[in-house]
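Residue numbers begin at 1 in each chain, while the letters A, B, ... track the order of the sequences.
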Amino acid sequence: MKDIIKDLIKKSLDKIDKDNGISIENIEVGLCKDKRFGDFSSNIAMKFSTRFESNPKKFAENIIKEMQNNENILKIEIAGPGFINFFTSKDTKFAVIEKILKEKHLYGSNCLGSNSKVLIEFVSANPTGPLHVGHGRGAVFGDCISSLLKENGYNVTKEYYINDAGKQIDILTISVLRRYHELIDSNKVFSYEDLYKGEYIWDISADIHRNFNLEFYIKNLENYNNNSIDELIHNIKNNLSIERFNKIKEISVNFILKDIKKTLKLSGIKFDSWFSESLLLKNNSLDLILNYLNENSHTYKKDDALWFKSKDSGDEKDRVLIKENNDHTYLSTDIAYHYNKINRDYSKIINIWGADHHGYMDRIKAAFDIFAQKKSKLIILLVQFANLYRGTEKISMSTRSGEFVTLEQLIKEVGKDATRFFYLTRKSDQHMDFDIELAKSNNNNNPVYYIQYAHARICSIFKQAQENKMHYKYDNKYLSLLTEESELNIIKKLSYYPDVIISSTEKYEPHLLTNYMRELAQEIHSYYNKYQILIADDKLRNARLALIEAAKHVFKNSSKVIGIGMPEKM
RNA sequence: GCGCCUGUAGCUCAUUUGGAUAGAGCAUCGGAUUUCUAAUCCGAGGGUGGUAGGUUCGAAUCCUACCAGGCGCACCA
């Protein structure tokens, strides 16, 4: 409908002035908030009146005068400073019900993506501990963005990048070894500040102790008195042998990854691909990109380290790729990783990061531009932190100290649907407060139940209809009996669901969709309370049933995108 | 100090990329079930949009300055 109106305006403008220079993309047509202003409106007259040496109202009159008649449009008005308002005919409005009932689960989807390949990388939490509620937001956000992209016809691959090769993993390994030694001899406590102390470290070490007994035991570990963590890592590797150290490392990482996968499954998130950082070292990808950067003078040596000239591409300073001690930095493998992504031929490469990584964006973009050469586009979306509350009490968290609420605990406490929905109700770049008490409340405070209940009520009506032998038969010629205000409101809301899907995707803002669902539920509840649907008049009854059936499809389709269930009974 | 994000009702947040009278939920107060599920509905109160300027037909939205909060400024990841 928007396109029809745009086209009418365009033709009218062409009549007024053949060389007006206004393309169809410049014509804005929007839905009206207030129905007194009609169904659609355009600001075209205000936007371009100066170009035609006219005032907005006069220009608007001119546009209308030259406009062709269209069967869909009942009335055109000029209002306010120069808005052109369009009132569509009833039949035009009813057509959406017909469309929904025909398209069913496809209503709302489109082909804008034309099946082009998109890679979306998210969560990618270090395998040094379980996922906590901070990861949850990015996880659910990424998953929903993936669904939205699919709904828009993109070919989406969801990927998790496993940082299993750096220093943090070495620290994890030592953390496990420390507990392992304490299990063997509780008197010999090895103390060191920067180690992981979570409960799960005990579980891993107990596992190792059970399966390998004393194989990894180091005599006098408690006497290791090292000044830096690097020195400590070095000494323990030497003492234990690199093979045995790696064995502990492997067991630890696998243990934690298994836990992470379990939590993701509980969250309803399924990845298509798991990409391991250590692979980049094994297959020489790192050497490859380093050579390339060296040969094309994007690097230099300074203080025994290898630096990347990221400042040349907009970063605030240059960055280290290879440290003085010959270890690679996180950045260098990450560049290799993005090089790998580029070579997999995606038109869009999306990264979803925690907001604390924003300082890192420029350096990865700098590297990306060198390798991608505009073949694909890098999109980095930042997700702000979520503060967890239990009522008014704030819960603080830290992975290192082991004080945190895991995502698994949260889901077990508030449920998958409520967790996902809550994470998605806020704009991602907005700080959010997640109140556990609120999310798990089973009453009208909770928007998830509010929406699910609206859907369940619809299902219940159909069940009742069947039991009362009120056979439902759809016939579009009775739709015109829907004349109540609530009915027209619902129809209008249903008609712009496809627009919501598009704008949620283009803006990467799933909260538009959760808001929409709430609004639709509100219309349905209001309608339900005001009007009886299962009435004796079978023509009106069938028309009303068609209306709520259409709403049911939209609830189903949107809930699928959000990743929550829509029970038929509550 | 520099950079990024944010500031809207008592609280949590929207506002369809600059549009018409800034809207929801919670909380507060008052109502509604002999009728398809009251996990619901209807109504009321509540606002100098952080502050001050600017840009234009029109600003919560864009620009500038200031105030306040969060995050970041590693040879950590």
Side-chain angles (χ1 to χ4, degrees), chain A residues 28 30-34 36-37 41 43 45-47 49-50 55-57 79-83 85 125-126 128 163 166-169 171 194 229-230 277 302-307 316-317 319-325 327-331 333-334 354-362 382 384-385 387 389 392 425-427 429-435 438 441-450 452-454 456-458 460-465 467-468 470 496 499-500 503 506-507 509 511-512 515-516 518-519 521-522 524-535 548 569-570:
Chain A
E28 285 176 49
L31 292 149
C32 294
K33 283 190 266 198
D34 191 326
R36 282 183 309 148
F37 299 132
S41 81
N43 58 4
M46 292 178 287
K47 222 173 153 186
S49 64
T50 45
N55 71 50
K57 282 196 170 181
F83 287 102
N85 294 334
N126 288 350
T128 54
N163 300 128
K167 182 166 150 183
Q168 291 305 321
I169 297 298
I171 296 174
D194 298 327
I229 191 95
D230 287 325
E277 180 186 9
K302 194 181 97 186
D303 305 331
D304 291 325
L306 183 71
W307 293 73
E316 58 173 322
K317 55 183 166 187
R319 308 289 173 175
V320 171
L321 290 170
I322 299 296
K323 302 183 217 173
E324 171 183 51
N325 68 4
D327 279 348
H328 63 268
T329 57
Y330 178 82
L331 174 64
T333 42
D334 208 20
D356 54 333
H357 284 64
H358 69 74
Y360 186 80
M361 283 170 63
D362 287 340
L382 297 179
Q384 290 288 342
F385 291 120
N387 292 317
Y389 284 81
T392 50
T425 49
R426 309 279 176 260
K427 236 178 175 161
D429 61 4
Q430 188 76 253
H431 305 270
M432 81 179 282
D433 293 334
F434 193 120
D435 183 351
L438 184 64
S441 61
N442 259 18
N443 56 32
N444 57 346
N445 295 358
N446 198 324
V448 186
Y449 294 109
Y450 184 83
Q452 290 178 333
Y453 187 43
R457 274 182 150 172
I458 293 173
S460 169
I461 291 169
F462 277 102
K463 211 175 136 216
Q464 284 278 331
E467 283 169 5
N468 296 337
M470 290 173 157
Y496 76 76
D499 289 330
V500 176
S503 55
E506 283 175 349
K507 296 157 84 172
E509 291 182 355
H511 77 278
L512 297 174
N515 285 350
Y516 172 86
R518 207 196 181 287
E519 285 163 17
Q522 191 163 24
I524 293 293
H525 283 307
S526 180
Y527 182 54
Y528 181 95
N529 273 274
K530 202 164 173 190
Y531 301 99
Q532 186 77 8
I533 287 154
L534 299 180
I535 46 175
I548 62 169
K569 213 167 85 184
M570 287 175 78

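- Across B:rA60 and B:rC75, the matching C1' atoms stand 45 Å from one another, rounded to whole Å.
- Counting any heavy atom pair closer than 4.0 Å across all strands shown, A:Asp303 reaches a base atom.
- Both geometric conditions, a ring-centre gap below 5.5 Å and a plane tilt below 30°, are fulfilled for A:Phe37 over the base of B:rA20.
- As rounded to the nearest Å, B:rC66 and B:rG43 have P atoms that lie 47 Å from one another.
- Here the side chain of A:Asn515 is nearest to one of B:rA20, B:rC71, B:rA14, namely B:rA14.
- In this model, the phosphate group of B:rC41 is approached by a side-chain N or O of A:Tyr450 to a distance below 4.0 Å at OP1 or OP2.
- For B:rU64 and B:rC71, the P atoms lie 25 Å apart once the distance is rounded to whole Å.
- The side chain of A:Gln532 lies closest to B:rU35 when the candidates are B:rA24, B:rG19, B:rU35.
- The gap from the P atom of B:rA65 to that of B:rC2 amounts to 11 Å, rounded to the nearest Å.
- A:Leu31 has its side chain within reach of A:Asp499: a pair of non-hydrogen atoms, C-beta onward, lies under 4.5 Å apart.
- A straight line from NZ of A:Lys47 to P of B:rC62 spans 17 Å, rounded to a whole angstrom.
- With both ends at atom P, the span from B:rU12 to B:rG7 equals 13 Å, rounded to whole Å.
- In this structure, the nucleotide among B:rA77, B:rU40, B:rC42 sitting nearest to the side chain of A:Ser526 is B:rC42.
- A:Lys323 has a side-chain polar atom (N or O) that falls below the 4.0 Å cut-off from OP1 or OP2 of B:rA77.
- If you take CE of A:Met470 and C1' of B:rU35, they are 11 Å apart, rounded to a whole angstrom.
- The gap from the P atom of B:rU61 to that of B:rU55 amounts to 14 Å, rounded to the nearest Å.
- B:rU28 adopts an anti glycosidic conformation, its chi angle falling more than 90° from 0.
- Remark on RNA chain B: of its neighbouring residues A:Gln384 and A:Lys167, the 5'-side contact belongs to A:Gln384, judged by nearest-heavy-atom nucleotide.
- In this structure, OH of A:Tyr360 is placed 15 Å from C1' of B:rC73, rounded to the nearest angstrom.
- Residues A:Thr425 and A:His511 form no side-chain contact, since every pair of their non-hydrogen atoms from C-beta on lies 4.5 Å or further apart.
- Here, B:rA14 and B:rA9 have their P atoms 12 Å apart, quoted to the whole Å.
- Nucleotides B:rC41 and B:rA22 place their C1' atoms 25 Å apart, quoted to the nearest Å.
- Residue A:Gln522 has its side chain nearest to B:rG25 when only B:rA74, B:rG25, B:rC75 are considered.
- A:Ala454 comes within contact range of no nucleotide atom at all, as no heavy-atom separation falls under 4.0 Å.
- By the 4.5 Å heavy-atom criterion applied to side chains, A:Ile533 and A:Ile548 are counted as neighbours.
- Ring geometry for A:Tyr527 against A:Tyr531 counts as tilted: the plane angle lies between 30° and 60°, on a 0 to 90° scale.
- Under the 4.5 Å side-chain criterion, counting only non-hydrogen atoms from C-beta, A:Arg319 is not in contact with A:Trp307.
- Between the CD1 atom in A:Ile458 and the CD1 atom in A:Ile524 there is a gap of 4.5 Å [rounded to 0.5 Å].
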Legend entry - Pairing annotation in dot-bracket form, given for RNA chain B with Watson-Crick or G-U pairs under 3.5 Å and | for cross-strand partners: (((((((..((((.....[...)))).(((((.......))))).....(((((..]....))))))))))))....

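- Nearest nucleotide to the A:Lys507 side chain, out of B:rU16, B:rA39, B:rA20: B:rU16.
- Here the side chain of A:Gln168 is nearest to one of B:rG19, B:rA77, B:rC73, namely B:rA77.
- For B:rA38, the OP1/OP2 oxygens have a side-chain nitrogen or oxygen of A:Arg457 closer than 4.0 Å.
- When the nucleotides B:rC36, B:rA74, B:rC75 are ranked by their closest atom to the side chain of A:Ile461, B:rC36 comes out on top.
- Of the two residues contacting RNA chain B, namely A:Glu509 and A:His358, the nearest-nucleotide position lying further toward the 5' end is that of A:His358.
- Listed nucleotides: B:rG25, B:rC75, B:rU12. Nearest to the side chain of A:Trp307: B:rC75.
- Looking only at side-chain heavy atoms (C-beta outward), A:Glu509 and A:Arg426 stay at 4.5 Å or farther from each other.
- Between A:Phe462 atom CZ and A:Leu534 atom CG the span is 9.0 Å, to the nearest 0.5 Å.
- With rounding to whole Å, A:Asp362 atom CG is found 13 Å from B:rG3 atom P.
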Inset, instruction - Decide side chain to side chain donor-acceptor pair (under 3.5 Å) for A:Thr333 and A:Glu277; before the verdict, give the C-alpha distance in whole Å, the side-chain angles of both, and the deciding distance to 0.1 Å. - result: CA-CA 7 Å; A:Thr333 42; A:Glu277 180 186 9; 2.8 Å; yes

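- Straight-line distance from the CD atom of A:Glu519 to the C1' atom of B:rC13: 13 Å, rounded to whole Å.
- With rounding to whole Å, A:His511 atom NE2 is found 12 Å from B:rU17 atom C1'.
- Look at A:Asp230 and A:Lys167 and you find a salt bridge, because one of the NZ, NE, NH1 or NH2 atoms lies within 4.0 Å of a carboxylate O, short of that distance.
- Ring stacking is absent between A:Phe83 and B:rG19, as the pair misses the limits of under 5.5 Å between centres and under 30 degrees between planes.
- Within the 4.0 angstrom heavy-atom criterion, base atoms lie near A:Asn43.
- At whole-Å resolution of the value, CD in A:Glu324 and P in B:rC76 are 10 Å apart.
- For A:Asn85 and B:rA20, a side-chain-to-base donor-acceptor distance below 3.5 Å is present, hydrogens and geometry of angles not being considered.
- Nearest to the side chain of A:Tyr449, among B:rA39, B:rG72, B:rC41, sits B:rA39.
- Side-chain proximity of A:Val320 to the nucleotides B:rC75, B:rU15, B:rA24 is greatest for B:rC75.
- In this structure, the NE2 atom of A:His328 is 11 Å from the P atom of B:rC76, given to the nearest Å.
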